[in-house]
Asks: 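Below is one structure. I have some questions about it.
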2 protein chains.
Amino acid sequence: MNVPWEPPAGEIRLVDVLDALADPVRLALVARLASLGSEKCTDINADVNVHKSTMSHHYRVLREAGVTRTVVHGRQRWVRLRHAELDARFPGLLDSVLSAATHPVQPTARHG
Amino acid sequence: MNVPWEPPAGEIRLVDVLDALADPVRLALVARLASLGSEKCTDINADVNVHKSTMSHHYRVLREAGVTRTVVHGRQRWVRLRHAELDARFPGLLDSVLSAATHPVQPTARHG
DNA sequence: GATTTGGTTGGACAGCGATCAAACTAAACA
DNA sequence: TGTTTAGTTTGATCGCTGTCCAACCAAATC
């Protein structure tokens, strides 16, 4: 039920957030969390072809950047986005990243 | 008058853009370009306490990620944001990053 | 208490990236 | 043509980072 260290909402730094999102594995993870909500690490790991210790590393990067919150519940961890807090500090940022991650706009083909 | 290599608008990758923005020097440079428009490298370098070869490296990262366009004009280079193209592909992304970079929202103090 | 389970930590490794200095290149100018 | 100017390229350094494996740890279960 406790929460490992994370930055207070007012101290989340943009560069850290961008850096946390600038990795394919973490970006996919964030997109997944956005669509599925809170998830157990086990469930996430099951779908990712990466060692569990590597995933643990990514969880930490996201958490320490202020992107996610990890709640310890018994012997499992639940991870979810700090969506509202992030949006309060950097309005529109997370949403535009998520929309970019899931629906990048393709250029319309030119005929002629 | 020629333009060094840059990705076509439709092939700009989100991870590359985020990675390009996830550096203090480049983020500041992008914010500066957003407020001042196109600039010569010399002018930019003058205000940044970083070696010119380092700046050249940053210009390349931004350009190859699709964030900026560099136009060679005689013996000087003009750098500017590919604002419209970026916004067409990842709507709202650049603007939210710029607004986050220049006006991060501070939490309101609680009097209690 | 011993074992299983879910996840972290530490070590090792390879690769990358930010930085500076020095050498280089191409354009402009004297 | 030689020199200055604007910026790139190359080389070196050094710290960071993504990855795996092995060891560890705490909670839950037997």
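Any value given below was found using the heavy atoms of this structure, including those in side chains, with hydrogens, waters and symmetry copies removed. Numbers restart at 1 for each chain; the letters A, B, ... are given by sequence-line order, proteins then strands.
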Asks: Mind checking what makes salt bridge (charged side-chain N to carboxylate O under 4.0 Å, His left out) contact with B:Arg80, not counting sequence neighbours?
Replies: none
Asks: In this structure, how many angstroms lie between the C1' atom of C:dA26 and the CG atom of B:Asn2, rounded?
Replies: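 From B:Asn2 CG to C:dA26 C1': 11 Å.
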Asks: In chain order, what residues pass the salt bridge (charged side-chain N to carboxylate O under 4.0 Å, His left out) check against A:Glu11, with sequence neighbours excluded?
Replies: none
Asks: Identify, with sequence neighbours excluded, every residue that meets side-chain contact (heavy atoms from CB on, under 4.5 Å) alongside A:Asp19.
Replies: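 In terms of side-chain contact (heavy atoms from CB on, under 4.5 Å), with neighbours along the sequence ignored, A:Asp19 is linked to B:Ala22.
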Asks: Tabulate atom names and distances for all N/O pairs under 3.5 angstrom spanning the protein and nucleotides 27-29 of chain D.
Replies:
residue	atom	partner	partner atom	Å
D:dA27	N3	A:Arg75	NH1	3.3

Asks: Hey, does A:Ser38 have a side-chain heavy atom less than 4.5 Å from the side chain of A:Val79?
Replies: no
Asks: For B:Arg32, give me all partners under salt bridge (charged side-chain N to carboxylate O under 4.0 Å, His left out), at least two apart in sequence or on another chain.
Replies: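 Once residues adjacent in sequence are excluded, the partners of B:Arg32 under the salt bridge (charged side-chain N to carboxylate O under 4.0 Å, His left out) criterion are B:Glu39, B:Asp47.
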Asks: Return the set of residues passing side-chain contact (heavy atoms from CB on, under 4.5 Å) with A:Arg60 (not counting sequence neighbours), or none when no residue passes.
Replies: A:His57, A:Arg63, A:Glu64
Asks: Under the salt bridge (Lys or Arg N to Asp or Glu O under 4.0 Å) rule, what pairs show up with a residue in residues 95-107 of chain A, not counting sequence neighbours?
Replies: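 Found none.
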Asks: Could you identify which residues of residues 11-25 of chain B place a heavy atom less than 4.0 Å from some atom of DNA chain D, listed by residue number, or say none?
Replies: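 Contacting residues: none.
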Asks: Using a cut-off of strictly less than 4.0 Å between a heavy atom of the residue and any atom of DNA chain D, enumerate the qualifying residues of residues 40-67 of chain A by number.
Replies: A:Val50, A:His51, A:Ser53, A:Thr54, A:His57, A:His58
Asks: Run the side-chain hydrogen bond (donor to acceptor under 3.5 Å, both in side chains) test against B:Arg69 and tell me which residues pass, sequence neighbours left out.
Replies: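 side-chain hydrogen bond (donor to acceptor under 3.5 Å, both in side chains) list for B:Arg69, sorted by chain: B:Glu6, B:Glu85.
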Asks: Whole angstrom is fine here: how far is it from CD in B:Gln76 over to C1' in C:dA27?
Replies: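 One finds 10 Å between C1' of C:dA27 and CD of B:Gln76, rounded.
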Asks: Among residues at least two apart in sequence or on other chains, which ones pass salt bridge (charged side-chain N to carboxylate O under 4.0 Å, His left out) with B:Asp23?
Replies: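 Scan of B:Asp23 (salt bridge (charged side-chain N to carboxylate O under 4.0 Å, His left out), adjacent residues dropped) gives none.
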Asks: Among residues at least two apart in sequence or on other chains, which ones pass side-chain hydrogen bond (donor to acceptor under 3.5 Å, both in side chains) with A:Arg26?
Replies: A:His58
